[in-house]
Number of protein chains: 2
Amino acid sequence: MQLKSYLTNAIIWLKLPLLFNYVDNAMKNQHLPEPVTAADRVLLEIQRAIVEGEIAAGSKISEPELAKRFDLSRAPLREALARLERCHLIERTPNAGARVVKLSVAGLVSLYQLRETLEGMACRLAATQMTDEEIAEVQQLLDQHLSTQRVREGESYYQEAGDVDFHYRVIQGSKNPYLINILCDELYYLVRMYRVQMGMNGPRVSRAFDEHKAIINAIANRDGELAELLMRRHIGASRINIEKHLSIKGKDHGTST
Amino acid sequence: MQLKSYLTNAIIWLKLPLLFNYVDNAMKNQHLPEPVTAADRVLLEIQRAIVEGEIAAGSKISEPELAKRFDLSRAPLREALARLERCHLIERTPNAGARVVKLSVAGLVSLYQLRETLEGMACRLAATQMTDEEIAEVQQLLDQHLSTQRVREGESYYQEAGDVDFHYRVIQGSKNPYLINILCDELYYLVRMYRVQMGMNGPRVSRAFDEHKAIINAIANRDGELAELLMRRHIGASRINIEKHLSIKGKDHGTST
DNA sequence: AATCGCTTGATTGTCGACAATGCAACTAAA
DNA sequence: TTTAGTTGCATTGTCGACAATCAAGCGATT
């Protein structure tokens, strides 16, 4: 059991350079001034471990075990667990402990329903709230992502980073702090968990770029309604894509329901 | 200072019977199986204190002081603070402590923008997801609320309780766990804080009942689009109502910005 | 043989004390 | 008088140990 864990570790570490690149990117751009306290650091570690599947979905979380593993007390660890619960990566029941969330078709549908609505709203607001500079920056970023993606075909992490970055910018552009908090802090880690564990990299890459460009163009034209519609469609397509993979993999090793 | 606190306490205690009624009602109907651990209990206490204004908006939270006041250690208190941050009642900065959130026009607008979108979505989903029994129950509840409200004119807590109850039922009717979590656990305490501290009880009471009835009727007719539209309008009207009070009170004792 | 109750083990919840960090007042120099 | 530096204090972050609660295994009883 411990041995198996080490094996999983080894596999994960091979992926780490790419991961770090992604995390660095995220940290640089996004509002993560965090790694100042020990709880913050271990939070990032465990978040990554859960999203990557290093800590299996549905498995029980043992506080003493994790404390030993990261070599710190249970106090900051519990702080980290509280935040993990906040972004729906674990579920706690009083006096019974915490479990990593299970992936399911129903959960995916619920999550993406919400994303459609919320990111649609973000687009609508962004169309009136973003400055011309911010919009130009996003357009420039899209081209940049496209070129790096062409250089490194098949590197799904780059696509992932680019996609997250685009959505992040638009959400920030809404200038609504509560909306930003929900999407960037509470929902996105779970979204990434579905995408990473379902191995998303497929043929949607180039299509996604086109859709991104159409959305930012609508925002640039200050057409909020169109931007909202396009974003909802974009996320809907993404959901169907993942749903296909999930229903297949679900039959393989019972991660569904 | 301590004396003033006692005075405030005395005033608050006078309101408590009504409060308990409200809380009981909420606990009975809503998913609050909580008060099992000490942290849960103190969480409810502090939540109430903040929403009621017993702990002033914008004031600093001292962990040792609160620990002494509620006669428990800092460990469960920090757990409670973590959850308070989750529902946006306090804001924490690392190594600097927590402050109670400030009420502002900008914050109100952002919050109600989000409510419009999310509760609109809830209505749309509820129109297809609620069972006939659930719908009938809500309709029955509305009449019940109306009669108790007529008996006790001016008792704002009853109106508050009835309003919260109605919205709660519709949100639950969406059957989307993430949506339910955001609205009922993360946003509603802040919404109540705005309403309570702005002293909302005015002439909107009877109009609100009519609007509620129209919404549930649309849901009963399985007309999701109409239900969504009516709910958005309903919340928008409520926002304007509070906004008026807030801008007035804001000028009086500077709670704005 | 099956079920109920008890006991044991482990896990979570809570506590008090220590360490580290940040804030503020005070001093001294320009 | 103002500003920079320093010192002291208060608050937060972290730690290890204890208490309460839950789960499971064993034994006794019907």
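The chains referred to below are lettered A, B, ... by the order of the sequence lines, with proteins before strands, and numbering in each begins at 1.
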Contacts of type side-chain contact (heavy atoms from CB on, under 4.5 Å), residue A:Arg74, not counting sequence neighbours: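 For A:Arg74 the side-chain contact (heavy atoms from CB on, under 4.5 Å) partners, ignoring immediate neighbours, are A:Glu63, A:Ala67, A:Arg78.
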
Results of side-chain contact (heavy atoms from CB on, under 4.5 Å) for A:Glu116 - residues two or more places apart only: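 With neighbours one apart ignored, the set is A:Arg232, A:Ile235, A:Arg239.
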
Within this structure, what is the [atom1]-to-[atom2] distance between [X] and [N], rounded to whole angstrom?
| X | N | atom1 | atom2 | answer |
| --- | --- | --- | --- | --- |
| A:Lys68 | C:dA10 | NZ | P | 12 Å |
| A:Arg99 | D:dA23 | CZ | P | 12 Å |
| A:Leu77 | D:dG16 | CG | C1' | 15 Å |

All side chain to side chain donor-acceptor pair (under 3.5 Å) counterparts of B:Tyr178, not counting sequence neighbours: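 Testing B:Tyr178 for side chain to side chain donor-acceptor pair (under 3.5 Å), a comparison that skips the adjacent residues, returns none.
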
By side chain to side chain donor-acceptor pair (under 3.5 Å) - contacts of A:Glu85 (at least two apart):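 None.
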
For A:Glu186, all residues meeting salt bridge (charged side-chain N to carboxylate O under 4.0 Å, His left out), sequence neighbours excluded: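 Testing A:Glu186 for salt bridge (charged side-chain N to carboxylate O under 4.0 Å, His left out), a comparison that skips the adjacent residues, returns A:Arg86.
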
Salt bridge (charged side-chain N to carboxylate O under 4.0 Å, His left out) involving B:Lys175 - partner list, sequence neighbours excluded: B:Glu134

Donor + acceptor pair across side chains of B:Tyr112, B:Arg115 (<3.5 Å):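 Yes, a side-chain donor-acceptor pair sits under 3.5 Å.
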
With the criterion being N/O to N/O and under 3.5 Å, what pairs connect the protein with nucleotides 7-9 of chain D, and how long is each?
none

Distances for protein N or O near nucleotides 10-15 of chain D N or O, under 3.5 Å:
| from | atom 1 | to | atom 2 | distance (Å) |
| --- | --- | --- | --- | --- |
| D:dT12 | OP1 | B:Lys60 | NZ | 3.4 |
| D:dT12 | OP1 | B:Ile61 | O | 3.3 |
| D:dT12 | OP2 | B:Glu63 | N | 3.4 |
| D:dG13 | OP1 | B:Asn95 | N | 3.3 |
| D:dG13 | OP2 | B:Arg78 | NH1 | 2.7 |
| D:dG13 | OP2 | B:Arg78 | NH2 | 3.0 |
| D:dG13 | O3' | A:Thr37 | OG1 | 2.9 |
| D:dG13 | N7 | B:Arg74 | NH2 | 2.9 |
| D:dG13 | O6 | B:Arg74 | NH1 | 3.1 |
| D:dT14 | OP1 | A:Thr37 | OG1 | 2.6 |
| D:dT14 | OP1 | A:Ala38 | N | 2.6 |
| D:dT14 | OP2 | A:Thr37 | OG1 | 3.2 |
| D:dC15 | OP2 | A:Ser73 | N | 2.8 |

For B:Tyr188, all residues meeting ring pair (Phe, Tyr, Trp, His ring centres under 6.0 Å), sequence neighbours excluded: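 If we apply the ring pair (Phe, Tyr, Trp, His ring centres under 6.0 Å) test to B:Tyr188, skipping adjacent residues, there are no hits.
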
